[in-house]
Amino acid sequence: MHDIRAIRNDPEGFDAGLRRRGLEPQSAEILALDEKLRAAVTAKQEAETARNTASKAIGKAKAAGDEAEFERLRAEVSRLKEVMESQGAAEDTAKGQLDALLAGIPNLPAESVPDGADESENVEKRVWGEPTKLDFEAKDHVAIGEGLGLMDFEAAAKMSGARFVVLKGALARLERALGAFMLDLQTTEHGYQETAPPFLVRDAALFGTGQLPKFEEDLFGTDHFDRVSFKSDIEKVYEQIYNRSGDLHWFSEMVIESQLRAARQGKLFLIPTAEVSLTNIVREEILDDGAFPLRMAAQTPSFRAEAGSAGRDTRGMIRMHQFIKVELVSITAPEQSEDEHERMTACAEEVLKRLELPYRVVELCTGDLGFAARKTYDLEVWLPSQDTYREISSCSNCGDFQARRMNARFRRAGEKKPEFVHTLNGSGVAVGRALVAVLENYQNEDGSVTIPAALQPYMGGMEKIEAAS
RNA sequence: GGAGAGGUGGCCGAGUGGUCGAAGGCGCUCCCCUGCUAAGGGAGUAUACCUUAACGGGUAUCGAGGGUUCGAAUCCCUUCCUCUCCGCCA
């Protein structure tokens, strides 16, 4: 969410930031709504002031028994009430339009972010390791997993459809080992506090991190709509309306509204990333600045509807509706977030280094930046079967963008005014894709898979996964 | 899921239609007095927004939203959360 005052102060700068992202200028429309809003607020408040004054006078007139004055003031107040109502309505309209507009505008890129239209213009920052060379033809992870008899897409499809998988035996354990290894690394060596958050969250939480309102189609939602309580709701609403006016038009409108409200309020969403749960831990909080940087790590499943990605990565475990991920979140003071971003990226890289998986780091250009991010580094791991690097982690500095949306603040020692925190998130790293990378980079010609040394302790000392005979 | 109780300022806690942004206490800040294992007196002490060059002025907020009323912390409705008992349950 953007600071309306910042837009007022520098509309050109705001539009320039949007243009770097390939978006149309919006400041003129925003400021026009802002003007309307403030005019209505002022007019309403003036009417309220007059109303408050008159109300006090009414009490006095009544006490003094001055009926004429009493009646005159009542008429005055009822006129003022009309002003208050019409200006209040104008305020609500303008506020609603302004909020809707602002809620849908992405974060502005940081100064240093390279300009570019799409991912083809991302900038490679560094490369670690050599792409794995195999002296035989590389199989993809599906062939390897199915060859081992430990990866079953068909069974998953029968119960859940496409983009799900069943892992068995050593592969199921390998997934567990990867998650445990990553979580241990981030918590014991990098100072992130292990956190076990909810996987189901309210819409407000998703608004806070920026998935809502624009990206609802990417989310899985639950629906707790309850017909029985809905029926009793209708009856209550009917009672309320009937007693008041008996107007059917109002009645149907209220019913619809109450129905929508009931449906919306019962609804929880499955998290598309633990970023949502972890970042929202500080929502509506005022933190002590001694708490910084606040570092949290969680291993959770992530659920993504993958709407609009039909036909992409349909084979294998690259793009699933459900996958496990170790997520890192840092909450910092504004002046710390850039350094913390570099550090967080290094914490994610360390996972791949210890697993000895070749990777590179790219900085996303302005056109490829996510909604809430002002700057992002992606980690891409080498996949022999695709002869290319594929994303396995994404580390973003969101500045105060999410903090504003969830009202997460802190107070500096000795200061009175709270300020918005900065939030950062990064995968440290995606467990499902790490499993793919291990299988492909550690595959042997005979179809077995060597287990990276760092994982062997987590595999009960197992050194190699071989086909169950 | 059923029955009941409750959500007031940094904290505790009063307040059932007007003089309540809210008594009192605690805490905190400043000042005064005193001088000794301390205490006493006084003043101040919420947030957001609008407005103003500034001082200041105004509006809203007593979990949230809506309603009744000239006027609501106080009455009504909805909703969120907390607690107690019962039921169910990994």
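Lettering follows sequence order; numbering is per chain, from 1. Scope of the values below: all heavy atoms of this structure, side chains included, with no hydrogens, waters or symmetry mates.
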Is the number of heavy atoms from other residues, nucleotides or ligands under 6.0 Å of A/E342 CD greater than 12?
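Yes, enclosed.
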Select one nucleotide: of [options], the one nearest the side-chain heavy atoms of [X].
{"X": "A/T49", "options": "B/C70, B/G58, B/A48", "answer": "B/G58"}
{"X": "A/R202", "options": "B/C50, B/C70, B/C80", "answer": "B/C80"}
{"X": "A/K81", "options": "B/G71, B/C49, B/U51", "answer": "B/G71"}
{"X": "A/R5", "options": "B/C49, B/A48, B/C70", "answer": "B/C49"}
{"X": "A/T42", "options": "B/A60, B/A48, B/C50", "answer": "B/C50"}

Check whether any side-chain nitrogen or oxygen of [X] sits under 4.0 Å from OP1 or OP2 of [N], and answer yes or no.
{"X": "A/R38", "N": "B/C49", "value": "no"}
{"X": "A/N52", "N": "B/U59", "value": "yes"}
{"X": "A/R8", "N": "B/C50", "value": "yes"}
{"X": "A/K417", "N": "B/A48", "value": "yes"}

Using a strict cut-off of less than 4.0 Å between a Lys/Arg side-chain nitrogen and an Asp/Glu carboxylate oxygen, indicate whether A/K158 and A/E154 qualify as a salt bridge.
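Result for this pair is no, no salt bridge flagged.
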So that I can tick it off, tell me whether A/R319 and A/E306 are bridged by a salt bridge, with the cut-off set at under 4.0 angstrom between side-chain N and carboxylate O.
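Looking at A/R319 together with A/E306, the answer is yes, because their closest N to O distance falls below 4.0 Å.
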Just the table, please: protein N/O against nucleotides 8-11 of chain B N/O, every pair under 3.5 Å.
none

Given the [atom1] atoms of [N] and [M], what is the spacing between them in whole Å?
{"N": "B/C28", "M": "B/A39", "atom1": "P", "value": "12 Å"}
{"N": "B/A64", "M": "B/U8", "atom1": "P", "value": "10 Å"}
{"N": "B/A72", "M": "B/U19", "atom1": "C1'", "value": "15 Å"}

Distance under 6.0 Å and angle within 45° of the ring axis: does A/R405 meet both against A/F207?
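A/R405 over A/F207 ring: yes.
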Side-chain donor-acceptor pairs of residues 78-90 of chain A under 3.5 Å, sequence neighbours excluded:
| from | atom 1 | to | atom 2 | distance (Å) |
| --- | --- | --- | --- | --- |
| A/S78 | OG | A/A75 | O | 3.2 |
| A/S86 | OG | A/E82 | O | 3.4 |
| A/S86 | OG | A/V83 | O | 3.1 |

Identify whether any heavy atom of A/K95 sits under 4.0 Å from a base atom; if not, whether one sits that close to sugar-phosphate; answer base, sugar-phosphate or nothing.
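No contact at all - A/K95 keeps every heavy atom at 4.0 Å or more from the nucleic acid.
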Could you check whether A/R79 gets within reach of a base, just the sugar-phosphate, or nothing at all, counting any heavy atom under 4.0 Å?
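The residue A/R79 makes no contact with any strand.
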Just list the side-chain donor-acceptor pairs under 3.5 Å for residues 12-19 of chain A, sequence neighbours left out, or say none.
| from | atom 1 | to | atom 2 | distance (Å) |
| --- | --- | --- | --- | --- |
| A/D15 | OD1 | A/Q26 | N | 2.9 |
| A/D15 | OD1 | A/S27 | N | 3.0 |
| A/D15 | OD2 | A/S27 | OG | 2.5 |

Please determine, by modelled atom types, if A/Q193 and A/T195 share a side-chain donor-acceptor pair under 3.5 angstrom.
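On atom types as modelled, these side chains do not qualify, holding no pair under 3.5 Å.
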